[in-house]
Amino acid sequence: GDSVTQMEGPVTLSEEAFLTINCTYTATGYPSLFWYVQYPGEGLQLLLKATKADDKGSNKGFEATYRKETTSFHLEKGSVQVSDSAVYFCALSEMIGGSQGNLIFGKGTKLSVKP
Amino acid sequence: DAGVIQSPRHEVTEMGQEVTLRCKPISGHDYLFWYRQTMMRGLELLIYFNNNVPIDDSGMPEDRFSAKMPNASFSTLKIQPSEPRDSAVYFCASSSRDFRSLPPYYEQYFGPGTRLTVT
């Protein structure tokens with residue numbers, strides 16, 4: 001079945017450091033790809049998305065490019081801030097017969113940014 | 001819109017008691033999901049509904065868990081009887097199709113969660 005694999009955390013960085021969180025997927029069809037973020041004590045919220053190959057999703061300085069050839073959707077940010085400390089989830093969703101399939105989540109990567 | 005609303009936000013109960021978690025999805029959304037999150041198991045999909053009909057309940061751990069969606073604006077997740085291993089954060093999420101994007105996709109909007117502690 002479909003699956004998402006993301007790098008295990010926790011990841012600890014200093015403020016203004018470069019961030020990469022790797023995410024690869026397996027899917028039988030042509031999924032949409034997402035990064036969700038969960039701040040402490042809150043639910044998940046969509047950070048960015050890409051729905052087709054070579055699409056780049058971006059939001060709040062974060063970027064990820066849908067790479068079909070490598071089945072990857074790595075999350076990057078050039079300069080992290082303390083406020084970026086959160087858990088980041090990579091996810092995919094496939095349309096099945098015109099209807100939504102489930103969101104398949106990775107296990108999450110906890111990011112801590114130190115001042 | 002107020003977003004997905006869950007109640008209660010925190011629930012502490014004793015083993016053997018019945019627990020009912022409630023969710024109000026975003027108006028107009030046709031999918032509703034229940035998830036459970038623990039440190040050990042991460043985020044697990046328990047069940048989801050489309051137009052109030054359960055589509056996949058394969059993630060429901062056992063018969064002690066049940067979920068209903070009597071109408072488009074309300075869903076419940078019930079645990080009876082509760083056990084300490086049910087302690088977790090339970091999230092409700094809703095979604096609908098976004099036709100502004102090609103291909104169209106579904107974005108799930110999560111509620112703030114219910115933190116359940118069973119002693």
Side-chain angles (χ1 to χ4, degrees), chain A residues 1-10 27 29-59 66 68 73 86-110, chain B residues 2-7 9-10 21 23 25-26 29-51 53-59 88-115:
Chain A
D2 296 356
S3 66
V4 174
T5 303
Q6 60 181 106
M7 63 186 286
E8 293 189 18
Y30 204 154
S32 295
L33 302 175
F34 307 85
W35 277 100
Y36 278 78
V37 58
Q38 183 179 28
Y39 297 103
E42 299 183 11
L44 281 72
Q45 56 186 277
L46 181 66
L47 179 61
L48 54 84
K49 68 179 187 302
T51 57
K52 56 185 185 293
D54 300 325
D55 265 4
K56 178 185 284 188
S58 61
N59 186 25
Y66 189 141
K68 195 169 188 293
F73 193 55
V87 181
Y88 293 82
F89 293 88
C90 186
L92 69 81
S93 175
E94 284 194 274
M95 299 292 288
I96 301 174
S99 297
Q100 176 181 239
N102 297 341
L103 264 183
I104 308 295
F105 285 95
K107 292 188 180 300
T109 302
K110 183 176 182 179
Chain B
V4 176
I5 299 172
Q6 291 186 247
S7 64
R9 291 294 310 275
H10 301 274
L21 311 182
C23 175
I26 292 172
H29 281 190
D30 54 350
Y31 282 84
L32 184 139
F33 304 80
W34 282 101
Y35 292 90
R36 177 172 68 176
Q37 186 178 40
T38 61
M39 290 293 291
M40 291 295 293
R41 303 169 75 103
L43 194 64
E44 302 174 276
L45 176 66
L46 300 177
I47 184 172
Y48 75 97
F49 297 83
N50 177 220
N51 292 322
V53 176
I55 302 301
D56 184 352
D57 65 354
S58 59
V89 180
Y90 291 81
F91 289 104
C92 176
S94 69
S95 71
S96 66
R97 194 165 179 170
D98 186 335
F99 287 96
R100 296 169 297 177
S101 176
L102 286 176
Y105 74 98
Y106 286 81
E107 175 181 345
Q108 289 191 20
Y109 293 81
F110 281 73
T114 296
R115 182 172 295 276

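Numbers restart at 1 for each chain; the letters A, B, ... are given by sequence-line order, proteins then strands.
- Residue A:Glu42 touches chain B through its backbone alone, counting heavy-atom pairs closer than 4.5 Å.
- Expressed to the nearest 0.5 Å, how far OH of A:Tyr36 lies from CD of B:Gln108 amounts to 5.5 Å.
- For chain A, no part of B:Tyr109 is nearby; none of its heavy atoms comes within less than 4.5 Å.
- Contacts of B:Arg115 with chain A are absent, with no heavy-atom separation under 4.5 Å from either backbone or side chain.
- The ring-ring contact (aromatic ring centres under 6.0 Å, His included) check on B:Tyr35 picks up A:Phe105, B:Phe110, with sequence neighbours excluded.
- For chain A, the nearby part of B:Asp56 is the side chain; its heavy atoms alone come within less than 4.5 Å.
- Scored by the salt bridge (charged side-chain N to carboxylate O under 4.0 Å, His left out) test, B:Glu44 finds B:Arg36, B:Arg41 as partners (sequence neighbours excluded).
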